[in-house]
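Start at 1 with the first residue, then count along the sequence. Since we're looking at a predicted model, the values are computed, not measured.
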Amino acid sequence: CAMEEPLLYLLPAVEWGVSDVEGLGQSPREFKVLAAKVLSAALVATALLCLAMPGVEGSWCLFGAKAALFFALFSEFVRGFLHFFWPYSSHLVFSGMADNINARHHRAELALIAMITHQFGAANLLLGSMYAEPLLFPNPHNSSLVFALGITLAVRVVQNYQMCCTTMTFFQPALPRWLVDGDVETRQKAPPGKTLQDVQA
């Protein structure tokens with residue numbers, strides 16, 4: 001398409017030296033390799049932060065709160081590494097959403113999606129690092145821990161509520177029911193990040 005050419009000049013569809021991004025995700029092995037890379041990177045980053053964290057002292061309630069924040073940290077790192085370093089593969093290999101919206105063979109659309117995904121990846125990595133602050137530098141009253149968990153809970157509750165309840169009028173996602181529902185069949189079709197986010201919430 002002639003209209004795509006100026007946009008592709010600004011946003012060339014390239015990822016890790018792969019110029020033919022439309023060909024990504026054609027082999028089932030690609031999913032396993034990408035998942036291994038992302039999980040390895042997230043595990044290494046999380047492990048390094050874990051080694052730097054002071055020992056957990058206090059009640060089981062405090063231990064549970066820190067464990068919940070630690071899981072949130074790891075979840076953001078998984079999303080962050082995937083979206084930041086592999087923005088095209090995120091939708092062509094991992095979630096399959098590029099095929100669901102018929103964008104695979106529209107390079108300009110892929111470029112725009114990848115640009116937004118890359119920005120989300122940056123936000124994921126920053127948020128995961130911010131989650132580490134209450135764990136790395138705890139204060140006597142655990143105020144930063146409570147604040148981080150409270151804000152996360154409030155946002156996730158609203159996010160999940162507006163996806164399943166039509167009474168939430170400020171935003172309704174244009175998503176098919178199979179992506180919004182939570183049954184087993186839905187989870188088999190939906191991107192892996194949906195289940196990860198539901199567990200986090």
**For Leu127, side chain to side chain contact (heavy atoms under 4.5 Å, CB included) partners two or more places apart** = Glu76, Tyr131
**Asked** Taking ILVMFWY side chains as joined if any heavy atoms are under 4.5 angstrom apart, and letting links pass through other members, which residues group with Leu126?
**Response** none
**Complete:** Heavy atoms of Leu73 and Gly128 approach each other most closely as CG-O, 3.5 Å
**Request:** Evaluate the side-chain proximity of Pro138 to Leu145: yes if any heavy-atom separation is below 4.5 Å, no if none is.
**Result:** no
**Asked** So Asn124 and Leu82, side-chain contact (heavy atoms from CB on, under 4.5 Å) or not? Walk me through it.
**Response** CA-CA 10 Å; Asn124 292 136; Leu82 175 62; over 6 Å; no
**Request:** Spell out, yes or no, whether Leu135 and Phe137 are grouped together once hydrophobic residues are joined by side-chain heavy atoms under 4.5 Å, including indirect joins.
**Result:** yes
**Message:** Donor-acceptor check, side chain of Glu133 to backbone of Met130, threshold 3.5 angstrom: yes or no?
**Reply:** no
**Message:** Ignoring hydrogens, what is the shortest heavy-atom contact between Trp86 and Phe81? Give both atom names and the distance.
**Reply:** CE3-O, 3.3 Å
**Request:** Could you list the residues that satisfy side chain to side chain contact (heavy atoms under 4.5 Å, CB included) with Ser129, not counting sequence neighbours?
**Result:** Phe77
**Backbone of Ala114 reached by a side-chain donor or acceptor of His118 within 3.5 Å** = no
**Request:** Without swapping roles, check the side chain of Gln119 against the backbone of Met115 for a donor-acceptor pair under 3.5 Å.
**Result:** no
**Message:** Please report the interatomic distance CG(Leu125) to CZ(Phe85), rounded to the nearest 0.5 Å.
**Reply:** 6.5 Å
**Complete:** For Phe70, the ring pair (Phe, Tyr, Trp, His ring centres under 6.0 Å) test, sequence neighbours excluded, returns none
**Prompt:** How would you list, by chain and number, every residue that makes a side chain to side chain donor-acceptor pair (under 3.5 Å) with Ser144, sequence neighbours excluded?
**Reply:** Asn139
**Fill in**
Closest non-hydrogen atoms of Gln26 and Gly23, given as atom of the first, atom of the second and distance, are CG-O, 3.0 Å
**Prompt:** Counting N and O atoms only, with roles assigned by atom type, does the side chain of Arg79 sit under 3.5 Å from a partner on the main chain of Phe74, one being a donor and the other an acceptor?
**Reply:** no
Show every donor-acceptor pair shorter than 3.5 Å between a side-chain atom in residues 32-51 and any protein atom, with sequence neighbours excluded, or say none if there are none.
from, atom 1, to, atom 2, distance (Å)
Ser40, OG, Ala36, O, 2.6
Thr46, OG1, Ala42, O, 2.7

**Message:** What's the separation between atom CG in Leu92 and atom CZ in Arg104, rounded to the nearest 0.5 Å?
**Reply:** 4.5 Å
**Asked** Of all heavy-atom pairs between Tyr88 and Leu110, which one has the smallest distance, and what is that distance?
**Response** CE2-O, 3.5 Å
